[in-house]
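Below is one structure, written out as structure tokens; the observations come after it.
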2 protein chains.
Amino acid sequence: MAQAAGVSPSTASLVFSGRGRVSDATRDRVLAAASELDYTGPDPRAASLRRGRSGVVGVVFEGRLGSAFLDPVNTVMMDGLAEGVAPLGAGLLLLRDDAPAETIDGPPPASLETAPVDAVVLVGCSGRLTQSLDTVRRRGIPVVVIEGDAGDGIPRIELDNTEAQRQAASHLRTLGHERVTILTLPWTAERVAGWHDASRERPVVDVTRDRLAGARDVYPDAAVFAARESTIDAGVEAARVILGTEPGDAPTAVIAQSDLLAAGVIRAAVQRGLRIPEDLSVTGFDGVRLDGFAPYVLTTLEQPAAAKGRAAGKAVARMLAGDVAPSIRFTCAFRAGNTTAPPRG
Amino acid sequence: MAQAAGVSPSTASLVFSGRGRVSDATRDRVLAAASELDYTGPDPRAASLRRGRSGVVGVVFEGRLGSAFLDPVNTVMMDGLAEGVAPLGAGLLLLRDDAPAETIDGPPPASLETAPVDAVVLVGCSGRLTQSLDTVRRRGIPVVVIEGDAGDGIPRIELDNTEAQRQAASHLRTLGHERVTILTLPWTAERVAGWHDASRERPVVDVTRDRLAGARDVYPDAAVFAARESTIDAGVEAARVILGTEPGDAPTAVIAQSDLLAAGVIRAAVQRGLRIPEDLSVTGFDGVRLDGFAPYVLTTLEQPAAAKGRAAGKAVARMLAGDVAPSIRFTCAFRAGNTTAPPRG
DNA sequence: TTGTAGGCGTTATCAT
DNA sequence: ATGATAACGCCTACAA
């Protein structure tokens with residue numbers, strides 16, 4: 001305690017917080033004493049307690065951090081989020097949503113249950129995220145959900161997934177495509193790849209469901225294949241199956257629910273000797289910068305990923321200020337690239 | 001305060017921490033009272049203060065979070081780190097090392113100065129990281145540095161960069177390559193791409209310097225080109241320059257300091273009509289899973305990225321326990337892929 | 001402009 | 001097995 005040893009008891013607080021009126025002489029004395037004792041400023045933990053704020057916002061992903069950051073769209077969103085909470089002076093605490101393993105004889109693991117967070121941002125929507133939601137609400141902490149349905153009065157940051165995907169589908173329809181396959185993001189949190197009968201089963205994952213609806217508005221009878229995850233490799237694997245059907249049955253276009261999947265489809269198609277877009281049209285979703293994808297420019301829906309993050313940050317700030325934060329629905333922009341063209345013949 | 005209202009004053013603590021011997025009857029009474037007041041367990045902030053631990057480990061990257069996660073090697077390392085600090089029960093707080101913008105009239109931004117962290121992991125080594133280091137040491141917080149030189153008694157987690165890179169170079173030498181170009185990671189934190197006279201200038205970035213040394217041990221006269229960042233696109237750009245020299249001068253092999261750069265070189269070479277590895281051999285560094293890179297399998301040095309993260313986590317745990325943590329040097333494994341072959345003719 | 005007092009919600013220690 | 005007490009280090013009134 002600088003004050004006890006040094007000079008004044010708690011005028012020091014004013015000096016360090018900088019918000020008080022302190023005479024230069026006193027300030028100097030305090031600072032001198034502080035450096036004497038090598039006191040390095042207020043203990044953030046004590047300040048947290050006193051203020052009732054820790055300056056930390058939790059970000060909850062499903063599964064491994066590694067897989068969450070595999071898709072650039074998440075990365076960009078995180079950048080936006082970091083920016084969005086900056087005015088709040090908050091840092092981002094990474095949290096996973098799976099059951100915290102028991103630490104033997106140690107402190108309980110930092111989970112949603114116990115993490116010193118002022119607010120929480122939930123990303124995506126596995127089944128477990130619903131559980132996470134309960135935890136957070138029980139704690140009475142403000143929550144914002146990105147790309148997921150939290151029901152009730154919980155602010156959502158989302159996209160016009162259905163409308164946007166409909167645009168891409170219409171684009172293909174206008175070009176004249178009739179045999180179209182829809183390549184979706186994972187159907188459930190379990191992430192199994194495979195064909196689905198979309199008229200009977202609904203995807204569990206919100207994003208998947210909404211984008212699928214948009215595509216099916218235009219192509220109600222399109223075949224539907226779910227990828228195991230949103231990566232180029234998963235796209236390649238899926239495309240091998242999709243394009244592997246009888247030549248006559250093979251689609252002339254694939255509507256992929258993410259840019260990574262679309263990139264995989266294109267790669268697989270090219271390896272098969274197909275030309276893009278002459279032999280196969282492919283649309284993506286996200287509009288992310290695909291590292292190393294030139295010379296292709298995906299026909300895709302550009303989503304404002306960074307803006308989504310920033311909006312989540314702002315929503316958190318408002319809730320922390322006691323306001324209610326509205327849900328926000330961002331609009332994706334259709335961008336025509338060079339991966340779509342009229343079907344052959 | 002559950003205790004004040006409910007039943008016992010602070011036996012409640014025992015109930016919630018679970019570490020005390022409490023009779024079932026009492027526990028039930030406490031729990032009942034808690035749910036009555038919908039008290040959801042101890043306030044982590046108060047617990048932090050009392051315990052002197054916040055259960056948070058800071059991870060400092062340079063620049064935007066987004067660019068940090070662009071390279072899968074960082075992502076994998078983060079996974080390892082998350083795992084490594086798990087037994088500690090700690091979460092990971094993402095921090096940037098750049099000057100925190102002033103928040104007008106708000107709380108000071110969560111920076112290294114004020115974040116409620118028990119320990120800090122510094123990743124990489126810009127000039128600013130050195131500064132971050134000062135901050136942290138002033139605060140008396142345990143620090144571990146990954147892939148950077150912190151001097152003094154600060155535990156380092158690093159690779160045998162020089163030796164490993166020498167292996168790749170020797171491999172090329174054995175194959176018979178004589179005209180080799182070295183494509184390095186950024187030379188300085190400023191990230192400008194371009195040729196360098198390696199016999200006069202030393203890279204500022206540790207990793208770049210060490211890997212370069214290994215390559216130059218075998219090819220002292222190799223041309224050296226620094227990429228602007230570790231991405232496929234930067235590799236493509238660099239390769240356009242490197243391969244753009246007079247045909248007779250063009251290298252028969254490129255030693256790239258990261259897999260992403262190597263992938264870019266290969267992509268650019270293929271676009272130029274070169275066959276890999278017949279017309280050009282390329283080696284990478286990292287051994288990360290390159291999404292969408294099949295059928296190529298890079299000849300590369302596999303680094304134990306996840307193990308690095310885990311080791312950092314363990315080091316942090318030891319330091320928090322009062323021990324000194326040793327620096328650790330991991331070994332990379334040379335892995336021959338299908339991107340290297342003897343030069344033509 | 002500076003000092004004093006009280007309490008934020010815990011948990012560790014000690015006594016019962 | 002439980003209760004009492006005392007900090008943990010700060011911040012914000014309010015008093016001087």
Side-chain angles (χ1 to χ4, degrees), chain A residues 1-34 37-56 89 105-108 110 113-118 139-141 320, chain B residues 1-34 37-56 89 105-108 110 113-118 139-141 320:
Chain A
M1 218 191 239
Q3 44 262 61
V7 267
S8 43
S10 75
T11 308
S13 178
L14 298 183
V15 172
F16 284 102
S17 70
R19 59 179 69 247
R21 324 98 310 195
V22 187
S23 78
D24 287 0
T26 316
R27 183 200 321 288
D28 288 351
R29 240 166 358 122
V30 172
L31 259 26
L37 299 155
D38 46 57
Y39 170 85
T40 54
D43 178 336
R45 288 178 284 263
S48 286
L49 175 58
R50 185 59 236 262
R51 289 206 240 253
R53 287 278 161 83
S54 62
V56 173
D105 198 37
E113 305 270 3
T114 61
V117 291
D118 296 335
R139 282 183 65 183
I141 295 176
L320 250 20
Chain B
M1 215 191 236
Q3 43 263 59
V7 267
S8 43
S10 75
T11 307
S13 177
L14 297 183
V15 173
F16 284 103
S17 71
R19 57 179 69 248
R21 317 116 299 205
V22 186
S23 78
D24 288 359
T26 316
R27 182 198 324 285
D28 289 349
R29 244 174 342 133
V30 172
L31 258 26
L37 299 155
D38 46 57
Y39 169 86
T40 53
D43 179 334
R45 287 177 285 261
S48 286
L49 175 58
R50 184 61 238 253
R51 289 206 240 252
R53 288 275 162 83
S54 62
V56 173
D105 198 41
E113 305 271 3
T114 61
V117 292
D118 295 336
R139 284 182 64 182
I141 295 177
L320 251 19

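Below, read A as the first sequence line, B as the second, and so on, with proteins coming before strands; counting in each chain starts at 1.
Taking atom CZ of residue Arg45(A) and atom P of nucleotide dC11(D), one finds them 14 Å apart after rounding to whole Å. Protein atom CG of Asp28(A) is 11 Å distant from nucleotide atom P of dT2(C), rounded to whole Å. Rounding to whole angstrom units, CZ of residue Arg53(A) and C1' of dC10(D) are separated by 17 Å. The separation between Asp43(A) atom CG and dC8(D) atom P is 12 Å, rounded to whole Å. Atom pair Leu14(B):CG and dA15(C):P shows a separation of 17 Å (rounding to whole Å applied). Regarding Phe16(B), its CZ atom lies at a distance of 10 Å from the P atom of dT11(C), rounded to whole Å. Between Arg51(B) atom CZ and dC8(C) atom P the separation is 20 Å, expressed in whole Å.
Between Ser23(A) and dT2(C), a side-chain N or O to OP1/OP2 separation shorter than 4.0 Å is present. Between dC10(D) and Ser48(A), no contact under 4.0 Å exists linking OP1 or OP2 to a side-chain N or O. Under 4.0 angstrom from either OP1 or OP2 of dC10(D) there lies no side-chain N or O belonging to Ser13(A).
Annotation: of the two residues near DNA chain D, Ala25(B) and Pro44(A), the 5′-most nearest-nucleotide partner is Ala25(B). Between Arg27(B) and Leu49(B), it is Arg27(B) whose nearest contact on DNA chain D lies nearer the 5' terminus.
Side chain Arg50(B) to base dT10(C): no donor-acceptor pair is found below 3.5 Å.
Residues Arg139(B) and Asp38(A) are not paired through a salt bridge, judged by the lack of any N-O separation under 4.0 Å between the basic side chain and the carboxylate.
Distances from the side chain of Ala47(A) to the nucleotides dC10(D), dA1(D), dT10(C) place dC10(D) closest. Taking only side-chain atoms of Ala46(A), from C-beta outward, the nucleotide of dT2(D), dT2(C), dC10(D) with the closest atom is dC10(D). Of the listed nucleotides (dC10(D), dC8(D), dT2(C)), dT2(C) has the atom at the smallest distance from the side chain of Thr11(A).
Between the OG1 atom in Thr11(B) and the CZ atom in Phe16(B) there is a gap of 12.0 Å [rounded to 0.5 Å]. Between the OG1 atom of Thr40(A) and the CD atom of Glu113(B) there is a distance of 9.0 Å, given to the nearest 0.5 Å.
Paired with Val15(A) under the rule side chain to side chain contact (heavy atoms under 4.5 Å, CB included), one option of Val30(A), Thr26(A), Asp28(A) passes, and it is Val30(A).
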Asp118(B) and Arg45(A): salt bridge (Lys or Arg N to Asp or Glu O under 4.0 Å), yes or no, with the steps?
CA-CA 10 Å; Asp118(B) 295 336; Arg45(A) 288 178 284 263; 3.3 Å; yes

